[in-house]
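Quick note: residue numbers are just sequence positions, from 1. The structure presented is a predicted model; accordingly, all values stated were derived computationally and were not measured.
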Amino acid sequence: MLNKALMLAGASALVLGAVDAHAWKQNTHKQIVIDAVSYMQANPSETEFAKLQSVADAAGISVQEFGEILGQGAYDVDDFQDTYICGAVTGDCQYAPVWSLGASVVQYTSYWHFQNHTRGSDAHGNDIGGYNYDLLTVWGTVDNLAASWLYGDHLDDGNGGMDGWWGRENSKYNTYGITEANYRQGSSSSKSMYDDFEEIPFQPIDNLGQYWYSQFLATPSAQTLGFVMHTTDLLQPHHTWTTSDLNHAQWESWVSDYYFSENLNDFDLVASAMNDFTAISTSSDDIRPLLTEGGAFSYSVGGMVLSSEDHSDRLQVAKQTIPHAIAMTIHILNHALSRL
């Protein structure tokens, strides 16, 4: 137990600088996890808080410090430089649009952070797919601009793989062989699926969560468990309706701005939200059914924030989705701690 506790308390890395990654804002991701830990502390008889406390004690840190470390992992996922897209003509591979490197814009890793509840299964065989520009049912200027900028571009698949015109290629990271393979999680893929951005069927975020959860179970660490918590993007309606536009960034800024003043993390609402999830069976290591429940919830209640900027409309959605994001995090933590 002690060794695992020390591994769990390892400091989180990969803090590479904040970007607007078209997800819950990074501070919101972190706060949701911190609030989940605080809820567990306030409700020890209903959660696995005793085990969480023992892990923190064995590591020589407070419960609050443990929550900070987990939250930082959730924060860091938006900064991953694990997804490079290469130019159709030049073969030049980048992790964000060339003209925006170092600016406050989306990185390509964000395209793994969706679960499209407006459609069914995808080309990989997942029950619900991820971002695929060609199959979006709602979209906006940001989606169109990205597809135009990246038209015909392909996913970096390493040296000797796909290339640009005249065989040009400067592969920088085998995204297909590493990132996509990690997020495949029992589905099937081929390189041809990733040769034109506008038709790429990105793997859904529940597969991302499952990959990092399997890494946590294999070698428990606070960092990998924190990475799993980034799946609270499933409670952000734009990630389940699936668009990079339609008030996407504005809504997330609003949530960040009003998180505390509007008491979006109301523990009474979290307690109610806990009952809307099916706890993960202790005999199963697959957390995707739980994650999909979160996505289905945000899809069912959150559509109005794609079109409305009204404060009361946003408040109505946030008062449902943030408590459910916290509750989903608690369910994941309960299962993870039960396995230690």
Regarding [X] and [Y], do their side chains bring together a donor and an acceptor under 3.5 Å, going by distance alone?
| X | Y | value |
| --- | --- | --- |
| His124 | Ser189 | yes |
| Asp196 | Tyr151 | no |
| Asn27 | Gln31 | no |
| Gln203 | Gln185 | no |
| Asp57 | Gln53 | yes |
| Ser221 | Thr224 | yes |
| Asn334 | Thr47 | no |
| Thr179 | Trp112 | no |
| Glu180 | Asn182 | no |
| Asp122 | Asn132 | no |
| Thr278 | Glu293 | yes |
| Asp76 | His230 | no |
| Ser171 | Asp157 | no |
| Ser298 | Thr240 | yes |

Hey, what's the ring geometry for [X] with [Y], parallel, tilted or perpendicular (30° and 60° as the breaks)?
| X | Y | answer |
| --- | --- | --- |
| His248 | His239 | perpendicular |
| Tyr111 | Phe197 | perpendicular |
| Phe227 | Trp212 | perpendicular |
| Tyr39 | Phe267 | perpendicular |
| Phe277 | His324 | tilted |

request  = Applying side-chain hydrogen bond (donor to acceptor under 3.5 Å, both in side chains), run through Asp79 and Gln81 and close with a yes or a no.
outcome  = CA-CA 6 Å; Asp79 289 333; Gln81 293 180 16; over 6 Å; no
Check whether any side-chain heavy atom of [X] sits under 4.5 Å from a side-chain heavy atom of [Y], and report yes or no.
| X | Y | value |
| --- | --- | --- |
| Pro237 | Val317 | yes |
| Ile332 | Tyr213 | yes |
| Ile85 | Tyr194 | no |
| Trp149 | Pro97 | yes |
| Leu333 | Leu225 | yes |
| Thr83 | Tyr95 | no |

Considering all heavy atoms of both residues, which atom of [X] and which atom of [Y] are nearest to each other, and what is their separation?
| X | Y | result |
| --- | --- | --- |
| Leu150 | Glu198 | O-OE1, 4.1 Å |
| Val33 | Gly67 | CG1-O, 4.3 Å |
| Ala56 | Phe66 | CB-CB, 4.4 Å |
| Gly152 | Ala88 | O-CB, 3.3 Å |
| Ile322 | Val255 | CD1-CG1, 3.9 Å |
| Met274 | Ile330 | CE-CG2, 3.6 Å |

ask   = Run the salt bridge (charged side-chain N to carboxylate O under 4.0 Å, His left out) check on Lys319 and Glu262 step by step: do they pass?
value = CA-CA 9 Å; Lys319 282 282 191 178; Glu262 289 288 5; 5.6 Å; no
request  = Could you tell me whether Arg184 sits above the aromatic face of Tyr176, with NZ or CZ closer than 6.0 angstrom to the six-membered ring centre and within 45 degrees of the axis?
outcome  =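 Yes - Arg184 lies over the ring of Tyr176, closer than 6.0 Å to its centre and within 45° of its axis.
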message = With clusters defined by side-chain heavy atoms of hydrophobic residues (ILVMFWY) lying less than 4.5 Å apart, directly or transitively, does Leu269 cluster with Val37?
response =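 No, separate clusters.
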request  = Apply side-chain hydrogen bond (donor to acceptor under 3.5 Å, both in side chains) to Thr292 and Gln115, showing your working.
outcome  = CA-CA 8 Å; Thr292 298; Gln115 187 187 64; 3.2 Å; yes
Side-chain ([X]) to main-chain ([Y]) donor-acceptor, under 3.5 angstrom:
| X | Y | value |
| --- | --- | --- |
| Thr232 | Met229 | yes |
| Asn247 | Leu306 | yes |
| Asp156 | Tyr84 | no |
| Ser308 | Val305 | no |
| Lys30 | Tyr75 | no |
| Asp134 | Glu199 | no |
| Ser256 | Ser253 | no |
| Thr329 | Ala325 | yes |
| Gln26 | Asp78 | no |
| His117 | Thr242 | no |

task = Report the C-alpha distance between Asp82 and Thr109 in whole Å, list the side-chain angles of each, state the deciding distance to 0.1 Å, and finish with yes or no for side-chain hydrogen bond (donor to acceptor under 3.5 Å, both in side chains).
result = CA-CA 6 Å; Asp82 63 352; Thr109 191; 2.7 Å; yes
message = What verdict does the side-chain hydrogen bond (donor to acceptor under 3.5 Å, both in side chains) test give for Thr243 and Asp245, after you've listed the backbone C-alpha separation in whole Å, the side-chain angles of each residue and the deciding distance to 0.1 Å?
response = CA-CA 5 Å; Thr243 174; Asp245 205 333; 5.9 Å; no
message = If you take the centroid of each ring, where Trp contributes its six-membered ring, are His311 and Trp254 closer together than 6.0 Å?
response =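 Ring centres of His311 and Trp254 closer than 6.0 Å.
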task = Would you mind telling me which of Gln236, His238, Lys25 makes a side-chain hydrogen bond (donor to acceptor under 3.5 Å, both in side chains) with Glu252?
result =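 With Glu252 as partner, Gln236, His238, Lys25 yield a single side-chain hydrogen bond (donor to acceptor under 3.5 Å, both in side chains), made by Gln236.
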task = Report the C-alpha separation of Asn43 and Phe49 in whole Å, then their side-chain angles, then the decisive distance to 0.1 Å, and conclude whether the side-chain contact (heavy atoms from CB on, under 4.5 Å) test is met.
result = CA-CA 8 Å; Asn43 297 274; Phe49 177 73; over 6 Å; no
